[in-house]
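Below, each value reflects all heavy atoms present in this structure, side chains not excepted, and no hydrogens, waters or symmetry copies.
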Amino acid sequence: PAEAAPAAAAKATAKAKATAKGAVVRTGEKQAADPAETHIQRHLEQQRARRKYRSKRLQYQFLFKAGAFLVMLFVVLVTKQVQAWYDAYKARQNGTLTDGGDAPGKMPWEKKEGEL
(Lines give C-alpha, C1' and ligand atoms only; values in the text may rest on other atoms or scores of the structure.)
Protein backbone atom coordinates (compact mmCIF):
# COMPACT_ATOMS: atom_id res chain seq x y z
CA PRO A 1 0.00 0.00 0.00
CA ALA A 2 2.78 2.43 0.83
CA GLU A 3 4.47 1.71 -2.52
CA ALA A 4 1.26 2.40 -4.46
CA ALA A 5 1.06 5.99 -3.21
CA PRO A 6 4.29 7.15 -4.97
CA ALA A 7 3.13 5.50 -8.22
CA ALA A 8 -0.20 7.34 -8.05
CA ALA A 9 1.62 10.59 -7.32
CA ALA A 10 3.90 10.00 -10.33
CA LYS A 11 0.86 9.49 -12.58
CA ALA A 12 -0.73 12.66 -11.29
CA THR A 13 2.44 14.68 -11.92
CA ALA A 14 2.75 13.16 -15.40
CA LYS A 15 -0.80 14.33 -16.19
CA ALA A 16 -0.05 17.72 -14.75
CA LYS A 17 3.14 18.00 -16.84
CA ALA A 18 1.35 16.95 -19.98
CA THR A 19 -1.35 19.53 -19.31
CA ALA A 20 1.23 22.20 -18.58
CA LYS A 21 2.82 21.58 -22.01
CA GLY A 22 -0.50 22.17 -23.71
CA ALA A 23 -1.37 18.57 -24.53
CA VAL A 24 -4.97 17.47 -24.13
CA VAL A 25 -5.46 14.94 -21.38
CA ARG A 26 -8.57 12.85 -21.89
CA THR A 27 -10.28 11.19 -19.02
CA GLY A 28 -12.62 8.24 -19.23
CA GLU A 29 -15.75 10.39 -19.07
CA LYS A 30 -17.53 11.60 -22.21
CA GLN A 31 -18.08 15.29 -22.66
CA ALA A 32 -21.46 16.47 -23.87
CA ALA A 33 -20.84 18.20 -27.21
CA ASP A 34 -23.16 20.56 -29.02
CA PRO A 35 -24.95 19.32 -32.18
CA ALA A 36 -22.68 21.31 -34.49
CA GLU A 37 -19.61 19.64 -33.01
CA THR A 38 -21.09 16.16 -33.43
CA HIS A 39 -22.06 17.00 -37.02
CA ILE A 40 -18.50 18.15 -37.76
CA GLN A 41 -17.03 15.05 -36.12
CA ARG A 42 -19.35 12.78 -38.12
CA HIS A 43 -18.45 14.58 -41.34
CA LEU A 44 -14.72 14.24 -40.59
CA GLU A 45 -15.13 10.52 -39.85
CA GLN A 46 -16.95 10.02 -43.15
CA GLN A 47 -14.24 11.96 -44.95
CA ARG A 48 -11.53 9.76 -43.39
CA ALA A 49 -13.50 6.63 -44.32
CA ARG A 50 -13.86 7.81 -47.94
CA ARG A 51 -10.17 8.61 -48.16
CA LYS A 52 -9.24 5.21 -46.71
CA TYR A 53 -11.62 3.42 -49.12
CA ARG A 54 -10.22 5.35 -52.10
CA SER A 55 -6.66 4.54 -51.06
CA LYS A 56 -7.42 0.82 -50.70
CA ARG A 57 -9.23 0.79 -54.05
CA LEU A 58 -6.21 2.35 -55.77
CA GLN A 59 -3.92 -0.14 -54.07
CA TYR A 60 -5.98 -3.13 -55.23
CA GLN A 61 -6.34 -1.66 -58.71
CA PHE A 62 -2.56 -1.33 -58.97
CA LEU A 63 -2.05 -4.90 -57.74
CA PHE A 64 -4.58 -6.21 -60.24
CA LYS A 65 -2.99 -4.36 -63.15
CA ALA A 66 0.51 -5.48 -62.14
CA GLY A 67 -0.70 -9.08 -61.86
CA ALA A 68 -2.42 -8.91 -65.25
CA PHE A 69 0.77 -7.52 -66.79
CA LEU A 70 2.86 -10.35 -65.33
CA VAL A 71 0.40 -12.98 -66.53
CA MET A 72 0.39 -11.54 -70.05
CA LEU A 73 4.20 -11.33 -70.03
CA PHE A 74 4.36 -14.98 -69.00
CA VAL A 75 1.94 -15.97 -71.77
CA VAL A 76 3.93 -14.08 -74.41
CA LEU A 77 7.26 -15.56 -73.32
CA VAL A 78 5.89 -19.10 -73.20
CA THR A 79 4.28 -18.64 -76.63
CA LYS A 80 7.57 -17.46 -78.10
CA GLN A 81 9.41 -20.47 -76.65
CA VAL A 82 6.78 -22.89 -77.94
CA GLN A 83 6.95 -21.32 -81.40
CA ALA A 84 10.74 -21.58 -81.42
CA TRP A 85 10.55 -25.20 -80.30
CA TYR A 86 7.88 -26.01 -82.89
CA ASP A 87 9.84 -24.37 -85.71
CA ALA A 88 12.94 -26.38 -84.78
CA TYR A 89 10.85 -29.54 -84.47
CA LYS A 90 9.26 -29.04 -87.90
CA ALA A 91 12.68 -28.33 -89.45
CA ARG A 92 14.02 -31.60 -88.03
CA GLN A 93 10.95 -33.55 -89.14
CA ASN A 94 11.05 -32.07 -92.61
CA GLY A 95 13.94 -34.27 -93.65
CA THR A 96 15.73 -31.49 -95.51
CA LEU A 97 18.93 -31.36 -93.49
CA THR A 98 21.51 -29.19 -95.21
CA ASP A 99 24.56 -31.19 -94.11
CA GLY A 100 23.09 -34.47 -95.32
CA GLY A 101 23.74 -36.17 -91.97
CA ASP A 102 21.19 -37.90 -89.86
CA ALA A 103 22.00 -35.94 -86.65
CA PRO A 104 19.01 -33.95 -85.44
CA GLY A 105 19.41 -30.20 -85.05
CA LYS A 106 19.75 -28.59 -81.64
CA MET A 107 16.83 -26.94 -79.97
CA PRO A 108 17.05 -23.15 -79.57
CA TRP A 109 17.52 -23.34 -75.80
CA GLU A 110 20.31 -25.95 -75.99
CA LYS A 111 23.79 -24.62 -75.48
CA LYS A 112 25.89 -24.04 -78.51
CA GLU A 113 29.53 -25.03 -78.56
CA GLY A 114 31.72 -22.58 -76.65
CA GLU A 115 28.90 -21.28 -74.47
CA LEU A 116 28.83 -21.70 -70.75
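- For the atom pair Gln46 CD and Arg48 CZ, the distance stands at 10.5 Å (nearest 0.5 Å).
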Checklist entry - What's the verdict on side-chain contact (heavy atoms from CB on, under 4.5 Å) for Gln61 and Lys65, showing C-alpha distance, side-chain angles and the deciding distance? => result CA-CA 6 Å; Gln61 184 180 15; Lys65 286 184 177 183; 3.7 Å; yes

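- Side-chain contact between Arg50 and Arg54 is present, with at least one heavy-atom pair separated by less than 4.5 Å.
- Among Leu73, Thr79, Leu77, the one residue that satisfies the side chain to side chain contact (heavy atoms under 4.5 Å, CB included) test with Val75 is Thr79.
- From Thr38, atom OG1 reaches atom CD of Gln41 across 8.5 Å, with rounding to the nearest 0.5 Å.
- Under a 3.5 Å cut-off, the side chain of Ser55 and the backbone N or O of Arg51 do not form any donor-acceptor pair.
- To the nearest 0.5 Å, atom OH of residue Tyr60 and atom CZ of residue Phe64 are 14.5 Å apart.
- Rounded to the nearest 0.5 Å, atoms CD (Gln47) and CD1 (Ile40) are 12.0 Å apart.
- For the pair Gln81/Val78, no side-chain contact is recorded, criterion being any heavy-atom separation below 4.5 Å from C-beta on.
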